Novice: 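First, the structure itself, so that you have it in front of you.
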Amino acid sequence: MLVLFISLLAGCYYIFVVELCIFTVQLLEAKITFLVIFHLLFLLCVWSYLRTVMTPPAVPPAKFRLSECDKQRYLSERKPEVLQEILVRMAKDLPISTKDSKGAFRYCDICQLLKPERCHHCPVCNVCILKLDHHCVFLNNCVGFSNYKSFLLCVVYALLLCLFTSAVSLYGSILFWTHQLPNTQSKVPIIVLFSLSTLCCVMLLLLLGIHCHWAVDNITSREGESGTWNERYDLGLSKNLRQVFGDEKKYWFLPVFSSLGDGYTFPMTDATKDIEKNAAAVAKDITESQN
């Protein structure tokens, strides 16, 4: 899938630059404008893509691994209550509150570590990933805490690139269809480029819409699809976006790491304040109804 994606990108680059801009567009000003905008979006897209592909997934630090003594005891023990006792003793000094459906701490037998908050094991990469979002076949890499920002930017710039390519190739196709340009060998590649870029626009728009929805609610794809998200991670629109893009807005649109946090501890809304607020609202309603 990775090779297929790169091949399609290279083919579309050739058709747009050579067949469309150099051989088809007549006005020099239009050629320059199209090429400058296209290459700006293309470079941003490729930069974001390479950052997402080449950034190693963030894994839990050593403190989440069992000591050699506890590991030997854990591997030799068979009683579930004793196994859980080992994990409870270790977890008391770690920032872990998430448990599995049985109320036990989440332990990865493959990586031999306690799973931090929002950490999951990727069966493809065969490693536990901090704030795992999903494994992407087009990237041949996991998308998680270390590269989620560059992944989002890659989707955004790819969508803008496809929109621009679709619009310009449609312009070229109309010139051929209305016989304002003579039929040349560039006609078929340009029509194919328009079809491919338009199809990619639709798919990327859907993908971006889903991830924008999850990003503004501070939810990963895994949590959103499984319905296991914790509402206390939702800090509000502004703070949720800063969790992904960081506090420095000058870096928001560049594929450089600027996300907040360490990947295994996450700020949460104050549940106590929420409970008190709800209780006060209920008391107010009762008082008003009595009056």
Side-chain angles (χ1 to χ4, degrees), residues 1-55 136-141 143 147-212 245 248-258:
M1 296 300 290
L2 182 62
V3 173
L4 175 63
F5 177 80
I6 294 174
S7 301
L8 282 173
L9 194 62
C12 291
Y13 178 88
Y14 168 79
I15 295 172
F16 186 92
V17 174
V18 178
E19 300 290 347
L20 180 56
C21 289
I22 296 178
F23 290 161
T24 303
V25 177
Q26 303 295 319
L27 292 175
L28 180 61
E29 295 83 356
K31 283 185 180 185
I32 295 174
T33 303
F34 291 161
L35 287 172
V36 168
I37 296 175
F38 177 83
H39 279 95
L40 176 62
L41 294 174
F42 184 83
L43 289 174
L44 286 170
C45 179
V46 171
W47 183 14
S48 302
Y49 180 80
L50 291 176
R51 285 284 299 184
T52 310
V53 171
M54 299 177 69
T55 300
C136 183
V137 294
F138 292 102
L139 302 170
N140 194 32
N141 195 12
V143 176
N147 59 357
Y148 186 63
K149 176 195 171 184
S150 56
F151 167 76
L152 277 182
L153 289 178
C154 180
V155 176
V156 169
Y157 291 132
L159 176 59
L160 293 176
L161 180 63
C162 286
L163 285 170
F164 180 73
T165 303
S166 178
V168 177
S169 57
L170 175 61
Y171 165 73
S173 300
I174 291 174
L175 292 180
F176 281 117
W177 291 333
T178 56
H179 305 291
Q180 297 182 49
L181 287 175
N183 286 337
T184 63
Q185 293 182 348
S186 300
K187 179 179 179 179
V188 174
I190 290 172
I191 294 174
V192 171
L193 178 63
F194 167 69
S195 303
L196 283 175
S197 57
T198 303
L199 179 62
C200 289
C201 282
V202 175
M203 294 189 294
L204 288 169
L205 189 60
L206 292 173
L207 180 63
L208 182 62
I210 293 170
H211 277 281
C212 283
F245 294 99
E248 303 256 359
K249 292 185 178 180
K250 61 184 178 182
Y251 297 124
W252 276 27
F253 300 102
L254 295 177
V256 294
F257 182 80
S258 59

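Predicted model only: the values in this text are computed from it and were never measured.
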Novice: Donor-acceptor pairs under 3.5 Å, side chain of residues 28-35 to any protein atom, not counting sequence neighbours: which ones?
Specialist:
{"residue": "Lys31", "atom": "NZ", "partner": "Ile22", "partner atom": "O", "Å": "3.1"}
{"residue": "Lys31", "atom": "NZ", "partner": "Val25", "partner atom": "O", "Å": "3.4"}
{"residue": "Thr33", "atom": "OG1", "partner": "Glu29", "partner atom": "O", "Å": "2.8"}

Novice: Name all residues meeting the side-chain contact (heavy atoms from CB on, under 4.5 Å) criterion together with Leu40; count only those two or more places apart in sequence or in a different chain, and write none if there are none.
Specialist: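 Only Leu44 meet the side-chain contact (heavy atoms from CB on, under 4.5 Å) criterion with Leu40.
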
Novice: Enumerate donor-acceptor pairs with a distance under 3.5 Å from any side-chain N or O in residues 5-12 to protein atoms, sequence neighbours excluded.
Specialist:
{"residue": "Ser7", "atom": "OG", "partner": "Val3", "partner atom": "O", "Å": "2.8"}

Novice: Could you list the residues that satisfy side-chain hydrogen bond (donor to acceptor under 3.5 Å, both in side chains) with Thr24, not counting sequence neighbours?
Specialist: none

Novice: Name the residue from Thr165, Val188, Leu193 that meets the side chain to side chain contact (heavy atoms under 4.5 Å, CB included) definition with Ile15.
Specialist: Leu193

Novice: For the atom pair CG (Leu206) and SG (Cys201), what is the distance rounded to the nearest 0.5 Å?
Specialist: 11.0 Å

Novice: My understanding is that only residues two or more places apart in sequence, or in another chain, count here; which of them pass side-chain hydrogen bond (donor to acceptor under 3.5 Å, both in side chains) with Ser150?
Specialist: Thr52

Novice: Shortest non-hydrogen contact from Cys162 to Leu204?
Specialist: SG-CD1, 3.9 Å

Novice: Can you name the residues that form a side-chain contact (heavy atoms from CB on, under 4.5 Å) with Leu152, not counting sequence neighbours?
Specialist: Tyr148, His211, Ala215, Val244, Phe245

Novice: Applying side-chain hydrogen bond (donor to acceptor under 3.5 Å, both in side chains) as the test, list every pair that has at least one member in residues 167-176; sequence neighbours left out.
Specialist: none

Novice: Quick one: CZ on Phe164 to CG on Leu41, what's the gap to the nearest 0.5 Å?
Specialist: 7.0 Å

Novice: Give a yes or no on whether the backbone of Pro255 and the side-chain of Lys149 come within a donor-acceptor separation of less than 3.5 Å.
Specialist: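 A pair under 3.5 Å: no.
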
Novice: List the residues meeting side-chain contact (heavy atoms from CB on, under 4.5 Å) with Tyr13, not counting sequence neighbours, and say none if there are none.
Specialist: Val17, Phe38, His39, Phe42

Novice: Pair Ile190, Phe176 - check side chain to side chain contact (heavy atoms under 4.5 Å, CB included), show working.
Specialist: CA-CA 10 Å; Ile190 290 172; Phe176 281 117; 3.7 Å; yes

Novice: Closest approach of Thr55 and Asn141, non-hydrogen atoms and distance?
Specialist: O-ND2, 3.0 Å

Novice: List for me each residue that meets side-chain contact (heavy atoms from CB on, under 4.5 Å) alongside Val53, sequence neighbours excluded, and say none if there are none.
Specialist: Tyr49, Leu139

Novice: State, yes or no, whether a side-chain contact exists between Leu153 and Trp47 at a heavy-atom distance under 4.5 Å.
Specialist: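 No - every pair of side-chain heavy atoms lies 4.5 Å or more apart.
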
Novice: Could you tell me which residues satisfy side-chain hydrogen bond (donor to acceptor under 3.5 Å, both in side chains) with Ser166, sequence neighbours excluded, listed by chain and number?
Specialist: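 Applying side-chain hydrogen bond (donor to acceptor under 3.5 Å, both in side chains) to Ser166 gives Thr198.
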
Novice: First locate atom CG of Leu254, then atom CZ of Arg51, and finally report the distance between them rounded to the nearest 0.5 Å.
Specialist: 10.5 Å

Novice: Once side-chain hydrogen bond (donor to acceptor under 3.5 Å, both in side chains) is applied, do any residues pair with Tyr251, and if so which ones, sequence neighbours excluded?
Specialist: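 With sequence neighbours excluded, Tyr251 shows a side-chain hydrogen bond (donor to acceptor under 3.5 Å, both in side chains) to no residue whatsoever.
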
Novice: With a 4.5 Å cut-off on side-chain heavy atoms, are Tyr157 and Val46 touching?
Specialist: no

Novice: Enter the distance from Leu159:CG to Leu207:CG here, rounded to the nearest 0.5 Å.
Specialist: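 Result: 9.5 Å between the selected atoms.
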
Novice: Distance from Cys200 atom SG to Leu205 atom CG, nearest 0.5 Å?
Specialist: 12.5 Å

